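All of these numbers come straight from a predicted model, not from anything done at the bench.
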Amino acid sequence: QLQLVESGGGAVQPRGSLRLSCLASGLILEDYGVSWFRQIPGKEREGLSCISSRARHIDGRSPYYSDSVKGRATIGRDNGKNTVFLQMNNLKPEDSGFYYCAADPDYDCGGYVFKHPYGSWGQGTQVIVSS
């Protein structure tokens, strides 16, 4: 069974950067499509970015970014570490929240990408953007 653990969160000043990581154990993360989500307490969970599994990559579909992070975020893989990262730059106070990764086998980031029934979720890492 795939287990996911997020890390890399913390406190950062506006316009700063963070690199969030989603470490997988149990199975090879490259075989899974992975998305990042953000949740602010009391608000609906927001999808941020998706990267497809290695075998299901489709140009134009993956990687996918929501409008709220497009141009400021980069999603990628470090296969040697069985990890998917989300590099966030030019952070804003409204980027504060809990960040989660989710994965599903052989997923190509298609359909309603952030409504997809991901089978595995991490526990989250907190990001605080404040001066």
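In the hydrophobic cluster analysis, where Ile, Leu, Val, Met, Phe, Trp and Tyr join through side-chain heavy atoms closer than 4.5 angstrom, Ile51 is grouped apart from Val113. Residues Val69 and Tyr64 do not share a hydrophobic cluster, defined by chaining ILVMFWY side chains whose heavy atoms lie under 4.5 Å apart. At a threshold of 4.5 Å between side-chain heavy atoms, the hydrophobic network of Ile, Leu, Val, Met, Phe, Trp and Tyr places Val129 and Met88 in one connected group. Under the 4.5 Å side-chain heavy-atom criterion for grouping Ile, Leu, Val, Met, Phe, Trp and Tyr, Leu27 is connected to Val34 within one hydrophobic cluster. Under the 4.5 Å side-chain contact rule for hydrophobic residues, Val84 and Tyr107 do not share a cluster.
Counting only heavy atoms from C-beta outward, the side chains of Leu18 and Val127 approach each other to under 4.5 Å. For the pair Leu20 and Phe85, the minimum side-chain heavy-atom distance is 4.5 Å or more. At least one side-chain heavy atom of Tyr65 sits under 4.5 Å from a side-chain heavy atom of Thr74. Residues Val5 and Gln123 have side chains not in contact (no heavy-atom distance under 4.5 Å, counting atoms from C-beta outward). Between Thr83 and Arg77, the closest side-chain pair of non-hydrogen atoms is not below 4.5 Å. Counting heavy atoms from C-beta outward, Leu4 and Trp121 have side chains that stay 4.5 Å or more apart. Side-chain contact check for Asp104 versus Pro117: every heavy-atom pair is 4.5 Å or farther apart. Counting heavy atoms from C-beta on, the side chains of Trp36 and Glu6 come closer than 4.5 Å.
With salt bridges taken as basic N to acidic carboxylate O contacts below 4.0 Å, none links Glu30 and Arg56. By the 4.0 Å N-to-carboxylate-O rule, Asp95 lies too far from Lys92 to be salt-bridged with it.
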Starting from the C-alpha separation in whole Å, work towards a yes-or-no answer on side chain to side chain contact (heavy atoms under 4.5 Å, CB included) for Tyr99 and Leu48.
CA-CA 9 Å; Tyr99 284 68; Leu48 303 177; 3.4 Å; yes

Test side chain to side chain contact (heavy atoms under 4.5 Å, CB included) on Arg15 and Leu91 and set out the steps.
CA-CA 5 Å; Arg15 293 179 297 280; Leu91 285 161; over 6 Å; no

What's the verdict on side-chain hydrogen bond (donor to acceptor under 3.5 Å, both in side chains) for Ser68 and Glu46, showing C-alpha distance, side-chain angles and the deciding distance?
CA-CA 9 Å; Ser68 64; Glu46 176 188 11; 2.8 Å; yes

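Checking side-chain atoms of Ser17 against main-chain N and O of Asn89 turns up no donor-acceptor pair under 3.5 Å. With hydrogens and angles ignored, the 3.5 Å screen pairs no side-chain donor or acceptor of Ser53 with any backbone N or O of Tyr32.
Between the CD atom in Gln1 and the OG atom in Ser25 there is a gap of 9.5 Å [rounded to 0.5 Å]. We find the CG-OG distance between Asn82 and Ser21 to be 12.0 Å, quoted to the nearest 0.5 Å. Atom NZ of Lys70 and atom OG of Ser49 lie 10.5 Å apart (nearest 0.5 Å). A distance of 6.0 Å separates SG of Cys22 from CG of Leu29, quoted to the nearest 0.5 Å.
When only modelled atom types and interatomic distance are considered, Asp108 and His57 share no side-chain donor-acceptor pair under 3.5 Å.
With a 6.0 Å radius and a threshold of 12 heavy atoms from other residues, nucleotides or ligands, Ile28 has its CD1 atom at or below the threshold. Surrounding CD of Gln39 are more than 12 heavy atoms belonging to other residues, nucleotides or ligands, all under 6.0 Å away.
Within the structure, disulfide bond (SG atoms under 2.5 Å apart) pairs that include any residue of residues 25-59 comprise Cys50-Cys109 (at least two apart or interchain).
Nearest heavy atoms, Tyr118 versus Ser35: OH-OG, 2.6 Å. Listed here is the closest heavy atom pair of Ile40 and Ser96: CG1-O, 3.3 Å.
By the 30° and 60° cut-offs, the orientation of the rings of Phe114 relative to Phe37 is perpendicular.
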